[in-house]
Amino acid sequence: MTKTAKLLFLLFFVIISCNKKQSETETEQQVFDEVFLQVVNKTYIDKRLYTHIPRKGEENDSAFLAVERELKKDTAELVVAVEKTRKIDLNKFTNPKFIFKDFAELPKKIELENWSEKYKKFIGVMSFSKIKFDAKKENGTLNVSYDCGGKCGLGYKVYLKKEKGKWKVVKIEKTWIS
């Protein structure tokens, strides 16, 4: 083999041996998948409780308080609709606490009554922004919106940090309420 051929072979071997660097989109997707359940757990509000407002004089009514107590205990198989702005395999996140559904499953209605009618444990719709990273990709921020219908919703800024190779939620700020 000539020197040029050996050099080209060596160069080719080095190039194919190098680890493929993740693209920005792949990194963002990997981090999102890692923190998705943490973010949902720390930002969701149970629509059934949040919109369960007593009428005047009902605040201490035993029937009202009994319903509220039952709803607070009913924390399994809560249905969360997710507005998909990226590729999300919702089935891989379903667990005993949450059942995730694609928000596109039902027609979009302002009061979300079609969701409440179809799923008795429907607790709201969540939307997620892209994750913005610092230059070293050790910190990130994500905006989360929670919609419970009409003029009912909350927004958060979620701060993420990579610690010991794992991403975790380190801080949440409420940014808006409706």
Side-chain angles (χ1 to χ4, degrees), residues 22-53 68 71-72 74-178:
Q22 274 190 321
S23 72
E24 185 78 22
T25 304
E26 290 170 327
T27 300
E28 197 261 345
Q29 184 68 49
Q30 179 264 321
V31 172
F32 181 80
D33 288 349
E34 198 170 321
V35 299
F36 178 77
L37 282 175
Q38 291 177 59
V39 171
V40 172
N41 261 314
K42 294 181 180 201
T43 60
Y44 89 95
I45 304 289
D46 190 333
K47 170 188 177 345
R48 301 168 308 157
L49 278 167
Y50 194 65
T51 58
H52 187 236
I53 302 166
E68 195 169 73
L71 287 174
K72 284 180 181 177
D74 187 16
T75 60
E77 298 180 335
L78 303 173
V79 175
V80 179
V82 177
E83 199 158 13
K84 291 169 81 173
T85 53
R86 65 173 55 75
K87 229 171 64 176
I88 308 172
D89 178 4
L90 295 174
N91 292 324
K92 79 178 182 182
F93 297 112
T94 295
N95 60 56
K97 185 172 183 176
F98 297 112
I99 297 170
F100 296 102
K101 299 288 184 181
D102 185 343
F103 186 51
E105 175 186 315
L106 294 175
K108 199 170 191 172
K109 288 189 176 180
I110 292 174
E111 293 300 327
L112 305 171
E113 67 273 347
N114 54 343
W115 279 90
S116 296
E117 289 166 6
K118 184 170 181 177
Y119 300 106
K120 296 303 174 209
K121 290 187 170 188
F122 171 64
I123 62 168
V125 180
M126 297 189 85
S127 305
F128 307 89
S129 72
K130 288 188 171 274
I131 299 173
K132 294 179 181 141
F133 295 101
D134 65 358
K136 292 182 178 181
K137 296 223 180 353
E138 294 172 351
N139 298 285
T141 59
L142 165 73
N143 292 315
V144 178
S145 296
Y146 169 79
D147 181 6
C148 44
K151 295 179 180 173
C152 175
L154 300 161
Y156 304 93
K157 185 166 197 163
V158 178
Y159 295 85
L160 309 171
K161 184 172 186 68
K162 189 175 189 177
E163 293 181 353
K164 297 178 184 173
K166 300 275 186 194
W167 285 90
K168 67 180 211 170
V169 174
V170 291
K171 182 179 174 186
I172 294 174
E173 287 179 358
K174 196 178 287 184
T175 55
W176 62 269
I177 187 167
S178 172

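Atom OG1 in T141 sits 8.5 Å away from atom CD1 in I131 (nearest 0.5 Å). A distance of 9.5 Å separates OG in S116 from CD in E111, rounded to the nearest 0.5 Å. One finds the CZ atom of F133 at 6.5 Å from the OG1 atom of T27 (value rounded to the nearest 0.5 Å). For the atom pair CG (L154) and OG (S178), the distance works out to 8.5 Å, reported to the nearest 0.5 Å. We find the CG-CD1 distance between L142 and I172 to be 9.5 Å, quoted to the nearest 0.5 Å.
In this structure, K84 contributes its side chain and I88 its backbone to a donor-acceptor pair below 3.5 Å. Checked by atom type and distance alone, the side chain of N95 pairs as donor or acceptor with a backbone atom of F93 at under 3.5 Å. In this structure a side-chain-to-backbone donor-acceptor pair under 3.5 Å is present from K120 to E117.
In the displayed structure, I177 atom CD1 is contacted under 6.0 Å by more than 12 heavy atoms of other residues, nucleotides or ligands. For NZ of K72, the number of neighbouring non-hydrogen atoms (other residues, nucleotides, ligands) closer than 6.0 Å is 12 at most. Applying the 6.0 Å contact sphere to CD of E77 captures no more than 12 heavy atoms from other residues, nucleotides or ligands. Heavy-atom neighbours of K121 NZ from other residues, nucleotides or ligands within 6.0 Å: above the threshold of 12.
Looking only at atom types and distance, the side chain of Q30 has no donor-acceptor partner in the side chain of E26 under 3.5 Å away.
Identified under the salt bridge (Lys or Arg N to Asp or Glu O under 4.0 Å) test for residues 149-163, with sequence neighbours left out: E163-K168.
F103 has its side chain out of reach of V82: every pair of non-hydrogen atoms, C-beta onward, lies at least 4.5 Å apart. Side-chain contact between V40 and F98 is present, with heavy atoms from C-beta onward closer than 4.5 Å. You'll find the side chain of L160 stays beyond 4.5 Å of the side chain of V170, heavy atoms only. Looking only at side-chain heavy atoms (C-beta outward), K137 and V31 stay at 4.5 Å or farther from each other. Using a 4.5 Å cut-off on side-chain heavy atoms (C-beta onward), F100 and L37 make contact. In this structure, the side chains of F36 and K92 stay at 4.5 Å or more apart for every pair of heavy atoms. Residues W115 and E105 meet the side-chain proximity criterion, which asks for heavy atoms closer than 4.5 Å.
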Take V79 and K118 through the test side-chain contact (heavy atoms from CB on, under 4.5 Å) and record every step on the way to the result. CA-CA 10 Å; V79 175; K118 184 170 181 177; over 6 Å; no
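T94 and I99 get closest at one heavy-atom pair: CG2-CA, 4.0 Å. Between K101 and L90, the shortest heavy-atom distance links the atoms C-CD1, 3.5 Å. Nearest heavy-atom pair across E83 and S127 is OE1-OG, 2.9 Å. Counting all heavy atoms, side chain and backbone alike, D74 lies closest to D46 at O-OD2, 4.5 Å. Here the shortest heavy-atom pairing between W167 and G140 reads CZ3-N, 4.0 Å. When every heavy atom of G153 is checked against every heavy atom of C148, the shortest pair comes out as N-SG, 3.8 Å.
Paired with F128 under the rule side chain to side chain contact (heavy atoms under 4.5 Å, CB included), one option of T43, V158, V39 passes, and it is V39.
Aromatic ring centres of Y156 and Y146 lie farther apart than the 6.0 Å criterion allows.
For the pair E24 and K130, the salt-bridge criterion is not met [side-chain N within less than 4.0 Å of a carboxylate O].
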